[in-house]
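For reference, the structure discussed in these notes is given below.
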Amino acid sequence: MDVRQQLGIGERSGGRHRSVVVAEELAARLRAAGIGVETEHRHVDRPVLT
């Protein structure tokens with residue numbers, strides 16, 4: 001059975017700080033549990049909002 005889910009984690013500063021760390025840590029823990037995970041950081045190249 002192939003089940004795909006999408007989870008968005010973000011913040012106002014363009015997704016470059018805590019949200020990236022949270023997403024990568026969650027992905028690492030899911031991978032360690034044998035769950036296939038892909039991460040995509042879509043706004044890394046955008047300027048930081050102030």
Side-chain angles (χ1 to χ4, degrees):
M1 180 165 112
D2 184 23
V3 177
R4 295 177 187 260
Q5 295 290 317
Q6 183 175 6
L7 171 66
I9 302 170
E11 59 184 64
R12 287 192 59 202
S13 66
R16 292 204 214 173
H17 302 291
R18 287 178 292 251
S19 62
V20 173
V21 173
V22 168
E24 289 300 328
E25 180 64 24
L26 178 59
R29 290 178 185 219
L30 290 170
R31 287 183 189 113
I35 299 170
V37 176
E38 295 179 23
T39 57
E40 177 184 2
H41 303 290
R42 298 182 299 169
H43 301 122
V44 168
D45 296 328
R46 288 188 183 176
V48 175
L49 302 175
T50 57

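In Arg31, the CZ atom is crowded: over 12 heavy atoms of neighbouring residues, nucleotides or ligands sit closer than 6.0 Å.
Atoms CD and CD, from Gln6 and Glu40 in turn, are 8.0 Å apart once rounded to the nearest 0.5 Å.
Contact record, Ala23 with Thr39: O-CG2, 4.2 Å, taken as the closest heavy-atom pair.
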